[in-house]
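Heads up, the thing below is written out as structure tokens.
From a predicted model like this one, the values you see are computed outputs, not experimental measurements. Note: hydrogens, waters and symmetry copies are ignored here, and every other heavy atom, side chains too, is used.
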Amino acid sequence: MNLHHAVEVTLSRPATHAERAHAARTLPLAANHDATRFMAVVHAKTPGRALHRVRRRLGEALSVDVITTHYPDSSGHVLLNITLPPHADTGLRRAAASAGQKPRLFVELALRRALAQHIEEEADLLDGAVQRLLATTAASQLLAAVGRALTPTPGAPSC
């Protein structure tokens, strides 16, 4: 069964007008304001095939860095399609081999570790900010302010 998949393309540099025109003849695309990211809807059996199809179609037209599925799958995962320069690919393969892993698993685990570290750092920053606020504000006032910020008031301007 073929489906349509929303795919996001990230470029290493802004596309020129000629590159955008050439790419648009290859695959209908919607560009962001600075032509460094594009969206496409691709007909394919799987999300992975959709990413591969986009890479094949746009590879010559644009300087593509990363292609991702725009929406997470049922497991909450977003697929990535990355082409590394030869020296980086060789280094990645060596590191994966020394860890006794396939390159795909090695990258997946490294990304998971990096995301977990980022989440922890963000939580620490937020905890620090809350502690600084609590040093000069009563907990009840802070809680009321958070409640106001999270609860829309009818007639109030939206952010």
Side-chain angles (χ1 to χ4, degrees), residues 1-133 146 149-150 152 157-159:
M1 176 170 87
N2 287 333
L3 301 171
H4 288 91
H5 302 277
V7 174
E8 185 169 349
V9 178
T10 305
L11 306 182
S12 53
R13 60 172 176 72
T16 65
H17 179 71
E19 289 170 327
R20 288 193 312 264
H22 178 65
R25 286 189 298 272
T26 306
L27 181 69
L29 297 167
N32 72 336
H33 70 285
D34 65 358
T36 57
R37 291 176 36 209
F38 293 85
M39 292 294 300
V41 177
V42 181
H43 190 72
K45 287 184 179 180
T46 67
R49 285 186 182 185
L51 298 183
H52 183 71
R53 182 168 289 155
V54 169
R55 172 81 58 191
R56 267 195 350 263
R57 288 186 183 173
L58 296 181
E60 298 296 319
L62 299 171
S63 59
V64 175
D65 267 352
V66 179
I67 303 171
T68 66
T69 51
H70 188 65
Y71 298 106
D73 63 14
S74 59
S75 301
H77 298 138
V78 172
L79 296 182
L80 298 174
N81 180 297
I82 303 169
T83 300
L84 300 173
H87 68 282
D89 185 61
T90 301
L92 171 67
R93 290 182 184 282
R94 283 188 187 138
S98 70
Q101 299 169 339
K102 292 186 177 188
R104 182 177 177 162
L105 177 61
F106 184 80
V107 169
E108 181 180 340
L109 294 175
L111 285 172
R112 287 180 187 264
R113 283 190 302 272
L115 287 171
Q117 180 179 349
H118 175 74
I119 289 168
E120 186 176 325
E121 289 170 357
E122 289 290 312
D124 289 346
L125 286 171
L126 183 57
D127 289 347
V130 168
Q131 290 303 319
R132 286 188 297 282
L133 283 169
V146 169
L150 296 176
S158 60
C159 299

Just how far is it from atom [atom1] of [X] to atom [atom2] of [Y], taken to the nearest 0.5 Å?
X	Y	atom1	atom2	value
Asp124	Ile119	CG	CD1	12.0 Å
Thr10	Ile82	OG1	CD1	10.0 Å
Glu8	Thr68	CD	OG1	4.5 Å
Arg56	Leu51	CZ	CG	12.0 Å
Leu3	Lys45	CG	NZ	11.0 Å
Glu120	Leu115	CD	CG	13.0 Å

If you look at every heavy atom in [X] and [Y], which pair is closest and at what distance?
X	Y	answer
Leu79	Pro47	CD1-CB, 3.5 Å
Thr26	His22	OG1-O, 3.1 Å
Thr69	Val78	O-CG1, 3.1 Å
Ser63	Arg13	OG-CG, 3.5 Å
Ala6	Met39	CB-CE, 4.4 Å
Thr46	His5	C-NE2, 3.5 Å

So Leu29 and Leu58, side chain to side chain contact (heavy atoms under 4.5 Å, CB included) or not? Walk me through it.
CA-CA 10 Å; Leu29 297 167; Leu58 296 181; 4.1 Å; yes
Side chain Ser12, main chain Asp65, donor-acceptor under 3.5 Å
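No.
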Quick one: does Asn32's side chain have a donor or acceptor within less than 3.5 Å of a partner on Arg37's backbone?
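Answer holds: yes.
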CA sep, side-chain torsions, deciding dist, call: Glu122, His118, side chain to side chain contact (heavy atoms under 4.5 Å, CB included):
CA-CA 6 Å; Glu122 289 290 312; His118 175 74; 3.6 Å; yes
Please say whether more than 12 non-hydrogen atoms of neighbouring residues, nucleotides or ligands are located less than 6.0 Å from CD in Glu60.
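Result for CD/Glu60: open.
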Neighbour count >12 (heavy atoms, 6.0 Å) for atom CZ, Arg53:
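Enclosed: over 12 neighbouring heavy atoms sit under 6.0 Å from CZ of Arg53.
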Stepwise side chain to side chain contact (heavy atoms under 4.5 Å, CB included) check, Arg55 with Val64
CA-CA 8 Å; Arg55 172 81 58 191; Val64 175; 3.5 Å; yes
Is there a side chain to side chain contact (heavy atoms under 4.5 Å, CB included) between His17 and Arg20 once you walk through the steps?
CA-CA 5 Å; His17 179 71; Arg20 288 193 312 264; 3.6 Å; yes
Determine, for Arg112 against Glu108, whether the closest basic-nitrogen to carboxylate-oxygen distance falls under 4.0 angstrom.
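Glu108 and Arg112: salt-bridged.
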Answer yes or no: is there a side-chain heavy-atom contact under 4.5 Å between Leu80 and Leu111?
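A side-chain contact under 4.5 Å exists here.
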